[in-house]
Structure formats: C-alpha cells, structure tokens
2 protein chains.
Amino acid sequence: MEEWFTEHNSPTEQVRWKIRRVLFEGKSEFQTIRIIETHDYGTMLILDGVVQVSEKDEAGYHEMLAHVPLYSHPNPRRVLIIGGGDGGTLREVLNHPGVEQAVMVEIDGMVVEQCRRHFPALAGGFNDPRTELIIGDGVAHVNQAPDASYDVVLVDGTDPLGPGEGLFNSDFYSHVSRILTEDGLTATHTSENPLIKPWVVETLVKKLAGIFPNTCLFRSEIPIYHTGSWYFALGSKGNDPRTSSFPVDRFLKHATPRNYYNEAIHRAAFAMPSHVEELLSRCQ
Amino acid sequence: MEEWFTEHNSPTEQVRWKIRRVLFEGKSEFQTIRIIETHDYGTMLILDGVVQVSEKDEAGYHEMLAHVPLYSHPNPRRVLIIGGGDGGTLREVLNHPGVEQAVMVEIDGMVVEQCRRHFPALAGGFNDPRTELIIGDGVAHVNQAPDASYDVVLVDGTDPLGPGEGLFNSDFYSHVSRILTEDGLTATHTSENPLIKPWVVETLVKKLAGIFPNTCLFRSEIPIYHTGSWYFALGSKGNDPRTSSFPVDRFLKHATPRNYYNEAIHRAAFAMPSHVEELLSRCQ
C-alpha cells in the first residue's frame, strides 16, 4: 500500500496526506475513485488524483454552495444539482423546508454508491422523499429540461478536466439560464483561486456575465483545496445577491445547526480582495 | 541541492514546493534562515523549516495585520511592531500618513539584513525617517516601555515554538495593554486555523479576553500558510472594532493601491464561521 496520497497542485507544488486506511479503490467508466482515511481530515474522496471532499472541512464547501444561492432567492422550491455525488450539497438543499423537489443528476453511479457507504454524514438527503436522483449526464439533462423548471441550479462538478468539462462552457450556462425561473440563480465553484490562476476565474465569470444580469463571486474556506480559499461564481436572473436583503426570518426558522454558514458569513462571502475586484472589473 | 522544500504541517500532512534557486542559507543565533525562489510563489522566507512569507501572497498577511487595527483606531500616531523582520508590516504601517513613528523590534538582525536584500518590495519602510529599527528582544522592549506610549502594537512573530514563544503568554499581553494609550489596539496572528487546532486559538483568545475589554478575531487568505485561511486576534482597550465605524475619509485619502485590503474586506474579516463563533462563545 502507498503510504501517502500526493496531490499535484502544479508540477512544482504538492500537498501530501498520510493514508491511515484505504476504504475503496476502483475505476468507473468515467474516472478513478479512491476513498481513503487520513489522520488530519478524516475520510477523503479522491477522483482522478484530485481530492474532492473530506469529512473535516466539507461544511465550508457544501453549506456555502447551497445556502448562499438558496438564501439569495426569495422562495426556492425546485432545485437542480448537477454532480454532487457525495450527497453533501443535496443534504444542505433539503435543510430548506420550502424546497419541494431536489433533482440531482450525477454522471457516476459508483461515486454515489461508494460515498453513501463511506460518508454516512453526507448521505441523509438520498432517502428524502423530495429527492429525485438521476444517474446520467447533467449537460444532457440541462439541455432537455423545460424552460423555467428550476428556481436554483447548483453545479457541483469536478474541475474542468475529466467528466466535469462540459460544465464550464457558455452553451451549458445558456441552457441553465433558460431552465431557470425568472428570479432564478445558479452557482458553481470556479475551480481555481484568482491569485494563482486569475485567467481561469476570469474566463468563467465572463461567460456567466454574458448570460446573467447579475454575476458575482463568493468565497469560503476549504483547507483541503489548493490555496484553501475557494471562490464560487453566482449568476442571477433577478436580484443582485450582494445587495438583496437577507431573509432573516426564513433563516431563523431553519433550526438545523450549521458548522460554517451564518448570516454574517453570507454577507462577508461577497467581499472581494482588491486584486479580485480588479479582475471582476475586467469582466463587465 | 535539495530539489524540494517540504513543510510538515503535522506528522501526517505536508506541503512541498520545488526549489528554483536557493538565495540564502544561514544560521543565526536564533534560528535557521532560508530564502528560496519557488515557481509558484516567488521568493519565500523559511525560518526553522516553517514558511513565513512569499512574494506572491504577502499582501493578505501584511495589509491585513497592519490595516485592520490601524483603521480600527481613531488616530494611530505611534505604532510598535514586534518581529516583522521581512519589513512588510512596517511598509503597510507607514502607508498611513498620520503615523508619526513606527518602532520595530526584531530579535534577529540576520533576518532583516537578508530580507532587505531578497525582498526589495517589502523593504521600503526601513529607509523612512519615521522608522526606528531596534534589533533586540521584543518582550524586553514591551516590559520596559513607558505606560501609554503606543497607539497600536502589532505582534508579527513566528509560531509559539522557537524565538517567538514569549509572544504568546499573558504576562506579555498585560504589558502590551499597559504600554497602549487608552483607545489602543493590539493584533497578532493566532498561528493555527481554528478548524484544525481550536485549542491553540482558544488559549490565545482567552488570554487576550482576560486583558482587553474587546477581543475578537479577523480572517485573511494566505495560501502558503497551513489551511490557507489565517486568523488574527485583536485586543482593543477602546471601541469594539467589529462595530465601530470605518474611517472612510481617512481611507480614501490614502491613495496607495492595495492588493488585498479594502473597506468591504475590513468589515467582512470579522465575520466568523459558525464553528469559530462557538469557540469564541467559550472565551467570554
């Protein structure tokens, strides 16, 4: 057994975690899948050599990807998740009692199957009667879905290399806009930190800004990801989420305790470092 | 020559950067000093095997450590920096035209000498006539300084292992409080992320909360540090910086462009993830 898992952030930067135990190793028709137990971050999912999720810091990813858009929307009832095979985003979406249906389209059934087994804390949403789980191609689902059929679309895919590639192009986001209701929102991770690869973030923001009247970024802390500071992109057909009022009453009625997300964090997530403000000013 | 520099975040977690060039290697009477050139973060300072600063991401550290306290203070004129041998914090402090004197007490003259040579972008403050550089023991300086002699004290030391150890105890912060003016503030990094080592952050916050009427944390992004999300502790004898008004006019008069800090970032830096709010509630 390999003693360490090494992720290559670049040819000249690596992060390494000592493996306590290998829980699963396999190859689906889409990617290699490893689930390992580490000393520092608990159980980790690794797809094609890139760490996707850990038990220890998953709240900073799943809570933010779900709640920033859902609390920015006046009344989210139908939510589509593209990807998200580990179940964490689905779990957070279903914490909103107003959500009537959560459709999740994950391309890789083996990811769902193994995550349900090895990440039980993320899996609660799979048994919720409001969930419709589709193992299939998210891009095709979005292309074929009726107009105005979702209030929020969350894109929870891998990086733009591998099976997640189709989730990063303009044609995909044009269809996302089409299938959203009139005040609908979409959010996705940007896959890179703007300090390290500004051109990657800029390209994605420009795509969204060409389609959605209001486009912005929001930030979270995810130590296992490269740089630890993670940027999500948000496109809104309605209000600007940076200035729209926060639904305090709705938030307070949802009693679920959260490890990361709260009202102050929601507002703060839209504040951008000066170098990112400058990047965004090039995207108008 | 070693091909990679490896930092051990824990016995079971490492980060590695490929070395492009070694610019300096030496051993002072306090610590081992290495300055290397990396592909991803430019020039890096490493003390006793722990990375301290990089050209690429230094703004997230120096701008935040200096400006969050200085703009939280109504009129900072005399500023003390303990440590900060690379010069970055000094440079930012002197960007405030209202600062009449900046005293910097760095224990290790070799760090200052080598950083002035290899980090010219950080070194501007050393030649400013308002600067008094003392190569000596910061703890002794604080113990001996007259009452109410500084408006702001910035503690920019290494981790609590090695020469920075004395900067993390209650006796030190009692003297810091004594030498501060009546609405004075102090800030320091917490040396650990509260998700990974909550007890380290909790211990420091409890110390400060026992001495200062208003104690809080603020956050920044520093990819080269462990977890990438860096927490600073702030103790205020006067206003609570989280709720005191931001000096917009003063800020706008300071025309220096900044890579990280701005008004929105200042406010957002005080928003804490829920797990940190919980930690802070144990420190009251």
Side-chain angles (χ1 to χ4, degrees), chain A residues 3-20 38-41 56-57 59-60 63-64 193-197 218-231 242 257-278, chain B residues 3-20 38-41 56-57 59-60 63-64 193-197 218-231 242 257-278:
Chain A
E3 239 196 305
W4 293 77
F5 160 64
T6 301
E7 180 165 336
H8 300 264
N9 292 331
S10 80
T12 47
E13 187 184 23
Q14 302 174 352
V15 59
R16 308 180 76 208
W17 289 286
K18 194 164 185 184
I19 299 171
R20 181 179 250 164
T38 64
H39 299 257
D40 298 78
Y41 290 92
K56 181 82 175 175
D57 70 349
E63 293 185 10
M64 292 299 276
N193 182 297
L195 186 68
I196 307 302
K197 294 197 182 167
F218 63 95
R219 303 183 296 152
S220 185
E221 297 176 18
I222 304 154
I224 57 162
Y225 288 172
H226 184 202
T227 76
S229 294
W230 209 237
Y231 285 70
R242 290 168 291 190
R258 289 176 180 133
N259 288 319
Y260 192 90
Y261 180 86
N262 56 51
E263 183 183 347
I265 282 288
H266 178 105
R267 295 181 196 280
F270 296 113
M272 292 290 126
S274 304
H275 70 92
V276 185
E277 285 291 1
E278 202 187 302
Chain B
E3 239 198 304
W4 292 77
F5 161 64
T6 302
E7 180 167 335
H8 299 263
N9 293 331
S10 79
T12 48
E13 186 184 24
Q14 302 174 353
V15 59
R16 309 179 76 208
W17 287 287
K18 195 165 184 181
I19 299 171
R20 183 180 248 165
T38 64
H39 298 259
D40 298 78
Y41 291 91
K56 181 81 175 177
D57 70 349
E63 293 185 10
M64 293 298 276
N193 182 297
L195 186 68
I196 306 303
K197 294 196 181 167
F218 63 96
R219 303 184 294 152
S220 186
E221 299 177 17
I222 304 155
I224 58 161
Y225 288 172
H226 184 200
T227 77
S229 295
W230 210 239
Y231 285 70
R242 290 167 291 189
R258 289 176 179 133
N259 288 319
Y260 193 89
Y261 180 87
N262 56 51
E263 183 183 348
I265 282 288
H266 178 104
R267 295 180 196 280
F270 295 113
M272 292 290 126
S274 304
H275 70 94
V276 185
E277 284 291 2
E278 202 187 304

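Letters A, B, ... are given to chains in the order of the sequence lines, protein chains preceding strands, and every chain is numbered from 1.
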>> For B:R258, give me all partners under salt bridge (Lys or Arg N to Asp or Glu O under 4.0 Å), at least two apart in sequence or on another chain.
In response: none

> Given a strict heavy-atom distance threshold of 4.5 Å, which part of B:N9 is in contact with chain A: side chain, backbone, both, or neither?
Replying inline: neither

> What part of A:E278 lies closer than 4.5 angstrom to a heavy atom of chain B: side chain, backbone, both or neither?
Replying inline: neither

> Going by atom types only, do B:S229 and B:T227 share a side-chain donor-acceptor pair under 3.5 Å?
Replying inline: no

>> Tell me if a side-chain donor or acceptor on B:Y260 pairs with a main-chain N or O of B:E221 at a distance below 3.5 Å.
In response: yes

> Which one, B:K18, B:H275, B:Q14, leads in non-hydrogen pairs under 4.5 Å with chain A?
Replying inline: B:Q14

>> Quick check on the interface: out of A:P273, A:P11, A:A59, A:P223, who has the most heavy-atom pairs with chain B under 4.5 Å?
In response: A:P273

>> Quick check: closest heavy atoms across A:A271 and A:R219, and the distance to 0.1 Å?
In response: O-NE, 3.0 Å

> At a heavy-atom separation under 4.5 Å, does A:H226 approach chain B through its side chain, its backbone, both, or neither?
Replying inline: side chain

>> Heavy-atom pairs under 4.5 Å with chain B - which of A:S274, A:A269, A:G60 has more of them than the others?
In response: A:S274

>> As an exercise: rank A:N259, A:I196, A:N193 by heavy-atom pairs under 4.5 Å with chain B and give me the winner.
In response: A:N259

>> With a 4.5 angstrom heavy-atom cut-off, is it the side chain or the backbone of A:Y261 that approaches chain B, or both, or neither?
In response: backbone

>> Once salt bridge (Lys or Arg N to Asp or Glu O under 4.0 Å) is applied, do any residues pair with B:E7, and if so which ones, sequence neighbours excluded?
In response: none

> If you count heavy-atom pairs under 4.5 Å between each of B:E63, B:R267, B:K56, B:E263 and chain A, which one has the most?
Replying inline: B:K56

>> Under the criterion side chain to side chain contact (heavy atoms under 4.5 Å, CB included), I'd like the reasoning laid out for B:E13 against A:T38: C-alpha separation, chi angles, the key distance, then a yes or no.
In response: CA-CA 9 Å; B:E13 186 184 24; A:T38 64; over 6 Å; no

> Relative to chain A, which segment of B:E277 carries a heavy atom at a distance below 4.5 Å: side chain, backbone, both, or neither?
Replying inline: side chain

>> Quick check: closest heavy atoms across A:S10 and B:D40, and the distance to 0.1 Å?
In response: OG-OD2, 2.8 Å

